[in-house]
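Here the structure comes first, spelled out in structure tokens, and everything after it is commentary.
Note on naming: letters A, B, ... go to the chains in the order of the sequence lines (proteins, then strands), and numbering restarts at 1 for each one.
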Amino acid sequence: MATELKMPALSPTMEEGTLARWLVKEGDEVSSGDIIAEIETDKATMEFETIDEGTIGSLMVEEGTDNVKVGTVIAVLIGEDEDAICAAAPDQKLEGDAMHSPADVGRSDKIIVPEITLRKDDPDVPEGTAMNSLTVREALRDAMAEEMRKDDRVFVMGEEVAEYQGAYKVTQGLLAEFGDKRVIDTPITEHGFAGIGSGAAMGGLKPVVEFMTFNFAMQAIDHIINSAAKTNYMSGGQMRCPIVFRGPNGSASRVGAQHSQNYAPWYASVPGLIVLSPYDAADAKGLLKAAIQSEDPVVFLENEMLYGRSFDVPDLDDHTLPIGKARIMREGSDVTIVSYSIGVGLSLEAADALSAQGIEAEVIDLRTIRPLDKETILNSLAKTNNMIVAEEGWHVCSVSSEIVSICMEEGFDDLDAPVTRVANENVPMPYAANLEALAIITATKIVDATLKLLNK
Amino acid sequence: MAKSASPQKSPAKTSKAASAPLIPNRERPEEPKRFLADKEALLAFYREMLLIRRFEEKAGQLYGLGLIGGFCHLYIGQEAVVVGLQSAIKPGKDSVITGYRDHGHMLACGIDPNIVMAELTGREAGISRGKGGSMHMFSVEHGFYGGHGIVGAQVSLGAGLAFGHKYKEDGGVCLSYFGDGAANQGQVYESFNMAELWKLPVIFVIENNQYAMGTSVNRASSEDQLYKRGESFRIPGIQVDGMDVLAVRGAAEVAVEWVRSGKGPILLEMKTYRYRGHSMSDPAKYRSRDEVQEVREKSDPIERAKAELLEFGVKEEELKTLDKEIRKIVSEAADFAETSPEPDVKELYTDILVEQY
């Protein structure tokens with residue numbers, strides 16, 4: 001029984017090559033691992049090993065032959081016994097194109113994007129529910145504490161989260177309540193602890209990894225994207241990574257270029273991640289609880305400037321909000337202003353100023369950046385026919401760019417004018433107070449852009 | 001929170017230190033002994049190593065036929081490392097993680113060769129439903145956590161799996177395998193530090209196959225004795241002949257005992273060698289053919305086990321029969337991998353997220 005040795009593909013792109021040299025001759029005994037030929041590919045000269053034992057029966061292609069197509073029989077090996085049958089059997093099925101097209105007749109090649117039908121609305125807050133005035137900082141802490149009480153797989157890890165009570169005091173009191181097993185101070189090693197967190201999540205825990213700011217998560221972005229976001233897909237759904245990466249994002253105050261950046265567009269572009277960015281305290285609490293409960297990896301973008309602001313938070317046992325649902329913060333009929341995080345406060349301020357001039361703006365807080373709640377955006381556009389997107393960050397390849405695209409593709413007929421983006425200036429954040437003030441989005445800039453959009 | 005001030009240690013106590021002999025100031029693991037295998041145990045090791053070798057040879061062949069695409073990193077030559085180590089841990093209790101040269105680890109974890117090969121060919125029956133490929137394979141069921149394509153990532157992730165064992169108090173340990181190339185990544189040392197600081201039950205295994213792609217250890221590492229790389233974090237390191245499955249098993253026992261008893265991580269440097277290129281498309285011009293040939297002839301882990309089996313009185317004929325049996329398993333895996341259908345197109349949009357929002 002003979003085994004055919006075929007011209008191998010020795011690189012991902014090789015289609016043909018040169019059989020440069022035979023290192024065996026007809027009649028030679030060979031065994032597995034012996035190098036029998038040198039083959040020149042498009043990139044290099046490679047050695048070709050046999051994996052079978054036997055005698056070289058005949059060399060079918062002379063050495064020095066160029067343009068030998070991958071798959072061409074270049075030699076025949078005569079086996080000593082039925083060993084060769086096993087080795088040869090699969091080869092015989094691989095003639096011509098057959099080897100590239102497995103049996104898949106009758107399959108449709110149409111790409112099926114699953115429709116997401118389960119869109120939960122915010123849970124009703126029962127009439128008469130007491131409201132507590134909490135800072136965003138306290139709301140975030142309460143969310144973690146409540147989830148940690150419920151689920152002992154949840155733990156918090158990061159720089160200064162335990163003894164120091166959090167660099168921005170977001171984890172205040174957690175160490176005292178949950179101990180150092182579940183509230184863990186790490187060295188300043190973002191890449192390492194983002195990996196340890198991701199590994200712990202893969203192993204069945206539910207880590208909340210705090211980055212002192214998302215600027216430092218740049219050190220760790222490989223694990224967020226390559227380890228956390230892609231594992232479920234790459235494992236065919238068997239290996240999950242339920243982790244929350246949280247911390248302040250965006251501009252703070254006078255901290256300069258390397259500490260003032262909005263990473264929402266970066267993470268929002270990655271399939272496999274959930275990206276949340278709340279504005280007020282109630283949403284901060286409800287969404288962080290949802291993030292911790294989720295089986296998916298979540299990037300949770302907070303804002304340092306909002307930590308100390310107080311808002312009403314419903315006094316409920318379990319205030320968990322749905323992921324993927326925007327919120328209409330203010331109703332209006334003349335123009336829609338879409339924003340998220342600190343931009344929502346500026347948009348509300350702008351809406352008040354516009355109202356004084358007789359223009360009623362509808363303000364939408366996206367809350368979830370990925371997956372985006374397109375329905376709420378498009379419904380509002382259909383109502384007002386004008387849209388402003390306000391974003392504290394650069395506008396190039398941004399969340400606002402994405403919303404413009406959505407309006408173009410799916411809301412074109414509802415547009416009375418092009419969507420306008422209001423964002424930070426296209427510069428690294430300057431340190432000087434006057435320059436920083438010029439670089440960052442303001443309520444006034446939103447008002448001016450709206451008036452221009454409406455030709456007022 | 002107020003902390004009580006702790007009194008300074010008296011310096012007088014250490015005044016003799018300068019003249020004292022150099023003795024270790026902390027407990028160290030005992031020196032490993034070569035594992036005393038009986039005939040059956042050695043035969044089982046031999047069988048597993050041979051399965052990996054034949055599987056990898058077949059994978060190389062399928063790559064040559066265009067059935068496997070992209071990058072494909074073969075484990076040929078390194079078989080003793082994973083076989084010796086995996087034999088010392090508890091399946092179902094312990095966890096394993098490695099980089100992209102992962103086929104051997106999966107077979108040694110007891111994963112069905114058919115579904116590994118089917119993943120290599122990108123078919124629906126593959127262990128990741130054809131969506132992972134050679135470098136990204138996982139089996140939570142077998143405690144095998146990948147299969148990672150980014151050099152060094154598995155070291156942090158492995159420390160994280162160990163963190164999970166300790167947190168859950170399930171008594172498990174994690175074996176985190178990485179290469180001599182990954183040993184120079186920064187996150188490795190971030191993880192060493194935290195692993196020792198938090199006494200995580202992790203065995204760091206450096207599979208030193210001498211070449212990080214085309215760069216030899218000596219050209220890339222200022223300290224090329226890689227077993228010392230954990231010492232400054234107080235992680236004890238042991239250098240092991242990774243071409244001898246019984247030496248590997250002996251070291252594995254010491255390591256598992258150390259780690260499982262709560263003493264924190266340990267580092268094993270396995271001196272091994274890969275016969276093939278870094279990946280299928282590596283012409284391997286950075287070393288001579290003679291160098292490879294010499295290792296094959298003098299140190300091959302399978303030949304070494306075979307010689308000892310013959311001393312045990314095992315007949316050549318028995319080993320030939322075993323080889324045939326393994327070739328058949330591998331052939332069937334290849335058949336399965338070739339004839340299984342590709343994933344349905346609807347799989348394109350599945351398993352991106354677990355939940356719906």
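With sequence neighbours left out, the ring-ring contact (aromatic ring centres under 6.0 Å, His included) criterion links Phe178(B) to no other residue. Remark: Glu49(A) engages Arg276(B) in a side chain to side chain donor-acceptor pair (under 3.5 Å) (not counting sequence neighbours).
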Apply the test side-chain contact (heavy atoms from CB on, under 4.5 Å) to residues Asp52(A) and Gln61(B): give CA-CA distance (whole Å), side-chain angles for both, the deciding distance (0.1 Å), then the verdict.
-> CA-CA 10 Å; Asp52(A) 299 300; Gln61(B) 190 187 42; 4.2 Å; yes
Any chance you could lay out the side-chain contact (heavy atoms from CB on, under 4.5 Å) test for Ile150(B) and Ser227(A), step after step, and finish with the verdict?
-> CA-CA 9 Å; Ile150(B) 304 295; Ser227(A) 300; over 6 Å; no
Derivation of the side-chain contact (heavy atoms from CB on, under 4.5 Å) call for Ser235(A) and His136(B) = CA-CA 7 Å; Ser235(A) 69; His136(B) 311 115; over 6 Å; no
List the steps, then state whether side-chain contact (heavy atoms from CB on, under 4.5 Å) holds for Trp198(B) with Thr186(A).
-> CA-CA 10 Å; Trp198(B) 301 338; Thr186(A) 63; 3.8 Å; yes
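In this structure, the portions of Leu161(B) lying under 4.5 Å from any heavy atom of chain A include both its backbone and its side chain. Contacts of Leu273(A) with chain B are made by backbone atoms alone, with heavy-atom separations under 4.5 Å and no side-chain atom involved. At a 4.5 Å heavy-atom cutoff, the contact between Glu347(B) and chain A is made by backbone atoms alone. Heavy atoms closer than 4.5 Å to chain A are found nowhere in Ile76(B), neither backbone nor side chain. Interface remark: Gln293(A) contributes backbone atoms only to the contact with chain B (heavy atom separation under 4.5 Å). Neither the backbone nor the side chain of Met137(B) comes within contact range of chain A; no heavy atoms are under 4.5 Å apart. Neither the backbone nor the side chain of Arg53(B) comes within contact range of chain A, judged by heavy atoms closer than 4.5 Å. Proximity to chain B is absent for every atom of Asp180(A), based on heavy atoms less than 4.5 angstrom apart.
Proximity of a side-chain donor or acceptor of Glu355(B) to a complementary backbone N or O of Glu295(A) within less than 3.5 Å is detected. In this structure, the side chain of Lys168(B) engages the main chain of Gly203(A) through a donor-acceptor pair within 3.5 Å. A donor-acceptor pair under 3.5 Å is absent between the side-chain atoms of Asp351(B) and the main chain of Asn232(A), judged by distance alone. Using a distance-only test at 3.5 Å, with no hydrogens or angles considered, a donor-acceptor pair links the side chain of Gln238(A) to the main chain of Val140(B). Looking only at distances, no side-chain donor or acceptor of Tyr145(B) sits under 3.5 Å from a matching main-chain atom of Met239(A). Using modelled atom types, one side-chain atom of Ser128(B) and one backbone atom of Met234(A) make a donor-acceptor pair closer than 3.5 Å.
Of all heavy-atom pairs between Leu197(B) and Pro187(A), the closest is CD2-CG, 4.4 Å. Of all heavy-atom pairs spanning Ser191(B) and Gly192(A), the tightest one is OG-CA, 4.2 Å.
Contact count against chain A (heavy-atom pairs under 4.5 Å) is highest for Gly160(B) among Gly70(B), Gly160(B), Ser281(B). Interface summary for chain B: among Ile35(A), Ile51(A), Thr45(A), the most heavy-atom pairs under 4.5 angstrom belong to Ile51(A). Interface summary for chain B: among Ile188(A), Ile274(A), Thr368(A), the most heavy-atom pairs under 4.5 angstrom belong to Ile274(A). Ranked by heavy-atom pairs under 4.5 Å with chain B, the list Arg240(A), His223(A), Arg182(A), Gln219(A) is led by His223(A). Here Glu47(A) is the residue among Lys230(A), Glu47(A), Met7(A) with the most heavy-atom pairs under 4.5 Å with chain B. When Cys174(B), Gly69(B), Ala153(B) are compared by the number of non-hydrogen pairs under 4.5 Å with chain A, Ala153(B) comes out ahead. Ranked by non-hydrogen atom pairs under 4.5 Å with chain A, the options Gly277(B), Ser139(B), Gly60(B) are led by Ser139(B).
To the nearest 0.5 angstrom, Met194(B) atom CE is 7.5 Å from Phe193(A) atom CZ. With rounding to the nearest 0.5 Å, the separation of CG in Leu10(A) from CG in Asp282(B) is 11.0 Å. Atom NZ of residue Lys6(A) and atom CG of residue Leu65(B) lie 6.5 Å apart, to the nearest 0.5 angstrom. Atoms OH and CG, from Tyr233(A) and Leu353(B) in turn, are 12.0 Å apart once rounded to the nearest 0.5 Å.
In the model, His191(A) has no side-chain atom that pairs as donor or acceptor with a side-chain atom of Gln185(B) under 3.5 Å. Between the side chains of Ser294(A) and Tyr357(B), at least one donor N or O lies within less than 3.5 Å of an accepting N or O. For the residue pair Tyr167(B) / Asp152(A), no side-chain donor-acceptor distance below 3.5 Å is found, with atom types taken as modelled.
In this structure, Glu141(B) places its CD atom where only 12 or fewer heavy-atom neighbours from other residues, nucleotides or ligands lie under 6.0 Å away. Within a 6.0 Å radius of CD in Glu325(B), other residues, nucleotides and ligands contribute more than 12 heavy atoms. Counting heavy-atom neighbours within 6.0 Å of Tyr286(B) OH, excluding the residue itself, gives a total above 12.
The aromatic ring centroids of Phe163(B) and Phe155(A) lie less than 6.0 Å from each other.
By the 4.5 Å heavy-atom criterion applied to side chains, Arg327(B) and Ser32(A) are counted as neighbours. Side-chain contact between Gln187(B) and Ile196(A) is absent, with no heavy atoms from C-beta onward closer than 4.5 Å.
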